[in-house]
Amino acid sequence: MNKSLDSVKSNSVDQAAASDISSAKSRGDADVYGELAIYRNIGIVAHIDAGKTTTTERILFETGKSHKIGEVHEGAATMDYMVQERERGITIVSAATTCFWKNHRINLIDTPGHVDFTIEVERSLRVLDGAVVVFDAVSGVEPQTETVWRQADKHRVPRICFINKMDRAGADFYKCFDMIKSRLGANPVAMNIPIGSEGDFVGVIDIVSMKAFVWGDSNVYEVKEIPQAYLELAQKFRNALLETVACYVTNDELFAKILADDNVDPKLIKSIVRQAAISSEIIPVFCGAAFKNKGVAPLLDAVVDYLPSPLDLPPVEGVDPETNETISRKHNLSDPLCGLAFKITCDPYVGSLIYFRLYSGKLSAGDFIYNSTQNKKVRVGRMLLLHANTREDIKFASAGDVIALCGDGAITGDTLCDLENKIVLETINAPDPVISLFVEPKTKTDSEKLSKALESLMREDPSFKATSDPETKQTLIHGMGELQLDIIVDRLKREFKVDANVGNPRVSYRETFGQQVSVVQEHKKQSGGAGQYAKIDIIFEPLEAGSGFKFENKIRGGAIPEEYIPGVERGLIDASNSGEYGYPVVDFKAILVDGAFHDVDSSVYAFETVAKQAFRKAMSSGSKLLEPIMSVEVVCPEDYVGSVEGDLASRRGLFKDKDYLPGGTVIVKQEVPLANMFGYINELRSKTQGRATFSMTFEKYAHARSKEEELKKEKHRSK
């Protein structure tokens, strides 16, 4: 039995390594602690219910980090430590831990799969070196899988795939493998394939060693010869692997040897696959059933074999805050300290915690460092090694580490660096909220609590916003979806003890210009002494979705002095916070073409004022309302497809596609306005006898129908 001998020996070595490193941290011994080649900083990402947290729990068990497996469905998962996570059986916030496997240190982050918590995945991928993407073997590539895949592409994160739930009815490894190719545009390479599926799934065939790993009733697996029925299929995938490997070989003799499968050293195959995976040219694919702990040990081997250490990655780049020149830091202990604060949490016992990834240099408790984003000096107090919501004090950290710092010296996206060698790294940008609701405290005491609670929650979650309605004076909270706001409200009541009335969710609309509008605006004011005077001729043009705001100065001949131009731009930015319907204005360009000024009465403030007046005048004649459109996927039995499609059509849904899965299951894909999706889950369950599920991701902002515009306009005017 492979695991009963080699793996047990490996685990004892891993625990010894963990003990050595833990002791080294306590002593502050950098030489023992800073072996970057053994580091793997990885994240577990996927669509909701693909099995991320279950996979993570099995990883913790396999590596000896935990001695009892915590089950998600029992509310006992180690990494789902929030009350709300355990009640709902979902991951809401990313959680970090450190474990050891075959003398390698794995810093692991388990991330949420629900679209409302996309920012958690975004900021985790921003600082991680590699990712394990988990797929449901029945559903394959799902909407949020595509989202996290794009996020990984954006941050150039190497990844491996784990096709999970091979023991589930309807599991199909090969269909899922093809979907990775077709829907994600990836170049997958199967490193193992399943032996059986559904209730007959017993193990995997390792394509590199051409051996079968078979699990019995326990966590122990045996290494056997490949069953005769699977030899031809295994050889087919072996040939595909060798053809891929040969593409990365320049030596003609070795090229021919690999293609002929002539006693090719498995270490050579792994080495070539590793380099291609690190450059994201290929995606190694594995399979298993995490719930039954089948395939998790080979997955851990794959993390070590195919995902990068910090040494495999290019230097991290940033800018010098004084000269704005591009500079870089190598992933080592000798370069100056540099790292990114990627997450903030408020711990009831230790206060504010800053999750910090060190890219270079060393850090000790008591050091003074520099927050180059906020331009301030910060003293390092307590430093912690995290395991979900438990922690261990450490005295030393170095390049490659993911740790927590106690204090409020940074927010999400801030760069922390050496005092004498300053650098600003690319920050972390949160998506704009698409939904909001009113929160009204019941007493004055609750009002004070609410203010502090919202401030704390906004520090934790950059995608969550709280504002005050200037007309009604009510507090509005804004988020990415109903679930996120539901969690926020629940935390306000339980965690922060705020007693408040909560309104119904409402859509966060946007506005833009429907056509080009030209405005000549003059501002004149005399009130004794120096007055105010400014005149501008400005053109407003709509831009493509996602373009934001652009300002162009075409003033010639000194019609407006240069020092007044920033006032015009600032006035337009301020005015764009509220358009004709009261919503933020996006995706437009303002071109300043002419104007006039007075030698005495003109000022930056006067030009800021006239810009606001011109903006409001332009909006009154050319505003268009934009509404958020969601990509909706409903998974239902074929018998209910007509009912589901009819209901979505009544919600102004537009057909996109339809996929047929084995067993008579259909995936209906449509684009539907968010305004018509509130409470949809209850209606869906009613129409399908509880047999359908759906997922929803933000797709785009699109022009609302004219009737919708009039309704919103009247609503705004009646306030």
Side-chain angles (χ1 to χ4, degrees), residues 1-12 14-15 40 42 44-46 49-80 89 91 95 97-102 104 106 108 110 113 132-138 160-169 171 173 176 191-206 209 211-224 284-305 387-388:
M1 287 189 182
N2 185 62
K3 186 170 180 179
S4 61
L5 181 61
D6 296 340
S7 233
V8 169
K9 285 181 181 177
S10 170
N11 260 334
S12 64
D14 297 338
Q15 295 310 306
R40 298 293 183 272
I42 67 165
I44 310 291
V45 299
D49 280 341
K52 296 177 304 304
T53 301
T54 300
T55 302
T56 304
E57 292 296 319
R58 300 314 185 266
I59 286 174
L60 297 181
F61 180 75
E62 284 283 331
T63 57
K65 185 70 179 182
S66 62
H67 300 289
K68 180 184 177 184
I69 296 176
E71 301 295 1
V72 175
H73 63 276
E74 294 175 356
T78 304
M79 304 299 276
D80 285 349
T91 301
T97 190
T98 299
C99 54
F100 296 85
W101 182 256
K102 295 188 177 176
H104 285 73
I106 300 175
L108 185 150
D110 178 34
V132 177
V133 186
V134 181
F135 297 81
D136 183 328
V138 178
I160 60 178
C161 294
F162 181 59
I163 299 177
N164 190 26
K165 302 190 179 183
M166 282 304 306
D167 57 335
R168 186 181 161 200
F173 171 85
C176 189
M191 303 304 291
N192 63 30
I193 60 173
I195 302 174
S197 65
E198 301 181 345
D200 297 326
F201 176 70
V202 295
V204 299
I205 296 170
D206 179 49
S209 65
K211 296 290 182 181
F213 294 178
V214 180
W215 278 263
D217 295 331
S218 66
N219 293 320
V220 177
Y221 66 83
E222 294 183 62
V223 179
K224 299 182 176 182
V285 179
F286 301 82
C287 65
F291 182 67
K292 294 183 179 176
N293 209 16
K294 296 177 180 178
V296 177
L299 178 65
L300 276 165
D301 289 340
V303 168
V304 169
D305 290 339
H387 177 49

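- Atom SG of C176 and atom CE of M166 lie 9.0 Å apart (nearest 0.5 Å).
- Applying the side chain to side chain contact (heavy atoms under 4.5 Å, CB included) test to V303 and every residue at least two apart in sequence or in another chain returns R40, I42, I106, V132, I160, L307.
- Residues in residues 295-305 take part in these salt bridge (Lys or Arg N to Asp or Glu O under 4.0 Å) pairs, two or more places apart or across chains: K102-D301, K270-D305.
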May I have the list of side-chain donor-acceptor pairs in residues 198-206 shorter than 3.5 Å, sequence neighbours left out?
residue	atom	partner	partner atom	Å
E198	OE2	G170	N	2.6
D206	OD2	S209	N	2.9
D206	OD2	S209	OG	2.5

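- When all heavy atoms of A302 and F286 are compared, the closest pair comes out as CB-CZ, 3.3 Å.
- Listed for the N164 side chain is a donor-acceptor partner under 3.5 Å among the backbone atoms of A290.
- Using a 4.5 Å heavy-atom cutoff, the side chains of V285 and F173 are in contact.
- Summarising the geometry, atom SG belonging to C287 is positioned 8.0 Å from atom CD1 belonging to I193; distances are rounded to the nearest 0.5 Å.
- Of the possible donor and acceptor atoms, none in the side chain of T54 sits under 3.5 Å from a partner among the backbone N and O of G51.
- Applying the side-chain hydrogen bond (donor to acceptor under 3.5 Å, both in side chains) test to S197 and every residue at least two apart in sequence or in another chain returns nothing.
- Legend: residues meeting salt bridge (Lys or Arg N to Asp or Glu O under 4.0 Å) with D167, ordered by chain and number and at least two apart, are K292.
- Of all heavy-atom pairs between N293 and R58, the closest is OD1-CB, 3.5 Å.
- If you take NZ on K294 and CD1 on I195, they are separated by 10.5 Å, rounding to the nearest 0.5 Å.
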Exercise. Taking it one step at a time, do T56 and L108 satisfy side-chain contact (heavy atoms from CB on, under 4.5 Å)?
Worked result: CA-CA 8 Å; T56 304; L108 185 150; 3.5 Å; yes
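- When all heavy atoms of K165 and A50 are compared, the pair lying nearest together is CE-O, 3.7 Å.
- Below 30°, between 30° and 60°, or above 60°: for Y221 and W215 the angle between ring planes is between 30° and 60°, a tilted geometry.
- Summarising the geometry of V138 relative to A171, their closest heavy-atom pair is CG2-N, 3.6 Å, with the distance given to 0.1 Å.
- Here the CH2 atom belonging to W101 is positioned 10.0 Å from the CG atom belonging to L299, to the nearest 0.5 angstrom.
- Inter-residue side-chain proximity for D136 and D49 is flagged as unmet; no heavy-atom pair is nearer than 4.5 Å.
- The minimum heavy-atom distance between T53 and D110, with the atom names listed, is OG1-OD2, 2.9 Å.
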